[in-house]
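Each chain gets a letter, A, B and so on, in the order the sequences are listed, and its residues count up from 1.
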Amino acid sequence: MKIELPVKTRLAFPLKDKSPLASLRAGDWILISGKILAGRDQTHRRLLELLEADRPLPFNPQGQLIYYVGPTPAPPGRPIGSAGPTTSYRMDAYTPRLLELGVAATMGKGPRGPEVRKAMLQHQAIYLAAIGGAGAYLSRCIKDATPLAFEELGPEALLLLEVEDFPAVVINDLIGQDYYQLAREKWRS
Amino acid sequence: MKIISQEEVIEAVARLAIEANVDLPPEVEKALRDARQKEVSPTGKMALSILLENARLAREAGLPICQDTGVAVIFVRLGQEICLQGDLYEAINRGIARGYSQGRLRPSVADPLTRKNTGDNTPAIIHLELAPGEDLTISLLPKGCGSENMSAIRMLPPSVGKAGIIDFVVETVSRAGANPCPPVTVGVGLGGDFELAALMAKRALLRPLGSRNPRTDVALLEETILEKINALGIGPLGLGGRQTALSVNIETAPCHIASLPVAVNIQCHAARLKEVSL
């Protein structure tokens with residue numbers, strides 16, 4: 001079954017500049033291609049430890065998208081296993097610092113806290129939701145996965161993913177809207 | 001007296017781990033299809049289409065439905081007339097380690113303080129119940145933590161009555177919002193004490209989707225809570241709509257005259273569960 005998504009925009013990461021984000025609105029479906037970073041709890045903790053110790057990050061944060069995912073091991077002949085989003089609020093404590101360094105977008109599932117929303121507006125970054133629990137479906141949009149750092153963390157390692165037409169919904173846009181809130185107000189009965 | 005070897009248990013549990021993670025139970029798939037039919041929000045409907053396609057692809061490719069292959073929650077019913085060779089707990093944990101490794105399932109269990117991954121998804125969380133007869137039944141519920149983290153328990157004063165119970169369950173699902181990957185199944189443990197309420201809430205998730213509690217007053221409570229949850233507007237994956245929960249399953253036990261424990265255990269849309277009898 002081919003699913004036709006009502007796609008508004010296609011974005012290629014890392015972004016050269018953040019201007020393509022301005023026209024996106026909460027609730028838009030978008031397709032993502034290019035190279036994105038993948039990391040979750042322990043990777044974020046390590047990144048912040050590096051920053052606190054004044055040491056360089058294992059990547060250039062400018063224009064990057066960080067996808068909160070801990071994939072299953074790759075089966076033979078495939079770059080990655082099941083790879084859906086994990087719950088984002090657990091990364092809230094680390095996110096403002098990374099946005100300050102130029103990260104343009106984060107992607108996971110579930111709402112972000114007020115501090116992250118404030119930091120997103122301040123640094124002109126967006127938040128996206130991938131389809132929670134659709135790990136097998138989303139793994140087909142991932143063409144390559146290369147470990148970048150912290151390999152000893154296993155499923156929590158930092159990866160560089162090459163993606164093609166990876167679907168996501170804009171949750172927080174640059175004018176301060178939150179799609180989870182808008183959708184709830186609209187469909188509450 | 002039936003004799004069951006340790007290897008039989010290990011192999012059965014290993015197989016369960018793989019099947020439970022790859023093959024969504026048909027009644028869950030049916031519930032998701034029905035939800036898609038009923039969903040009025042276009043974005044919610046789209047999300048449900050993707051989830052159904054995901055279940056098909058996972059089965060076809062032998063890939064886990066979700067990357068969160070869960071902590072292995074195991075319910076065992078052990079017939080008292082069985083002679084089990086070797087240690088049952090050890091056999092189950094070896095089965096989990098084997099299944100998670102062979103099936104390329106994500107090891108997701110870590111030390112609570114050091115956060116160091118145990119590497120093989122053990123130890124499993126094992127609930128053992130003795131039963132009459134010669135059957136050994138093992139049920140595996142791989143419990144992902146996007147939903148598990150949204151669980152709650154409250155020791156309510158009995159004076160709050162039914163209205164207080166309803167409020168607490170609905171408030172818990174409302175606060176969870178998009179986090180637990182709705183449409184969810186809501187397990188509720190009502191009564192007992194602190195730990196029995198929580199255990200009943202999880203046991204309630206073992207019930208087939210769409211089944212009702214045999215007690216009519218409890219069944220009515222299930223229906224009432226389901227309706228209120230689906231009026232919250234959260235919808236599939238929190239993207240808006242009316243299909244926020246597929247089912248509310250309540251289990252009850254008598255409690256102390258001074259007490260009204262209510263536990264809520266939330267299950268995501270991937271309500272994975274497999275059972276085997278030896």
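Considering only heavy-atom pairs separated by less than 4.5 Å from chain A, the leading option among B/Thr244, B/Leu63, B/Asn179, B/Leu57 is B/Asn179. Of the listed residues (A/Pro85, A/Pro167, A/Gly81, A/Ala129), the one with the most heavy-atom contacts under 4.5 Å to chain B is A/Pro85. Counting heavy-atom pairs closer than 4.5 Å to chain A, the top residue among B/Arg115, B/Arg242, B/Lys116, B/Glu60 is B/Arg242. Ranked by non-hydrogen atom pairs under 4.5 Å with chain B, the options A/Ala183, A/Gly27, A/Pro73 are led by A/Pro73. Of the residues considered (B/Asn54, B/Leu105, B/Asn230), B/Asn54 shows the highest number of contacts with chain A, using heavy-atom pairs under 4.5 Å.
Within the cation-pi definition used here (under 6.0 Å to the ring centroid, within 45° of the axis), A/Arg140 qualifies as a partner of A/Tyr137.
Of the atoms belonging to A/Ala83, it is backbone heavy atoms, and not side-chain ones, that fall under 4.5 Å from chain B. With a 4.5 Å cut-off on non-hydrogen atoms, B/Val22 does not touch chain A at all. Contact of A/Ser88 with chain B is not made at all, since no heavy-atom distance falls under 4.5 Å. Of the atoms belonging to B/Ala58, heavy atoms from both backbone and side chain fall under 4.5 Å from chain A. Contact of B/Ser101 with chain A is not made at all, since no heavy-atom distance falls under 4.5 Å. For a residue to count as touching a neighbouring chain, one of its non-hydrogen atoms must lie under 4.5 Å from one of that chain's; by this rule B/Asn117 touches chain A with the side chain only. With a 4.5 angstrom heavy-atom cutoff, B/Leu239 touches chain A via backbone and side-chain atoms both. For a residue to count as touching a neighbouring chain, one of its non-hydrogen atoms must lie under 4.5 Å from one of that chain's; by this rule A/Glu185 does not touch chain B. Contact of A/Thr87 with chain B is made through the side chain alone, with heavy-atom distances under 4.5 Å. Residue contact with chain B, scored on non-hydrogen atoms closer than 4.5 Å, involves the side chain of A/Ile171 exclusively. For B/Ser41, the parts lying under 4.5 angstrom from a heavy atom of chain A are both the backbone and the side chain. Only the backbone of A/Pro71 comes within less than 4.5 Å of a heavy atom of chain B; no side-chain atom from C-beta onward does.
Classification of the A/His44-A/Tyr94 ring pair by plane angle, with boundaries at 30° and 60°, yields tilted.
Between the CG atom of A/Leu37 and the CG atom of A/Leu160 there is a distance of 6.0 Å, given to the nearest 0.5 Å. Separation of atoms CZ (A/Arg40) and CD (A/Gln42) is listed at 9.0 Å; rounding is to 0.5 Å.
Under a 3.5 Å cut-off, the side chain of B/Gln67 and the backbone N or O of A/Gly84 do form a donor-acceptor pair. Checked by atom type and distance alone, the side chain of B/Ser108 pairs as donor or acceptor with a backbone atom of B/Arg106 at under 3.5 Å.
Under the 3.5 Å distance criterion, with hydrogens and angles disregarded, a donor-acceptor pair is assigned to the side chains of B/Glu148 and B/Asn265. In the model, A/Arg184 has a side-chain atom that pairs as donor or acceptor with a side-chain atom of B/Ser174 under 3.5 Å. A side-chain donor from one of B/Thr43 and A/Tyr179 sits under 3.5 Å from a side-chain acceptor of the other. With hydrogens and angles left out, the side-chain atoms of B/Ser247 and B/Arg207 include no donor and acceptor closer than 3.5 Å.
A side chain to side chain contact (heavy atoms under 4.5 Å, CB included) with A/Phe166 holds for exactly one of A/Leu138, A/Ile36, A/Ile131, A/Ile30; it is A/Leu138.
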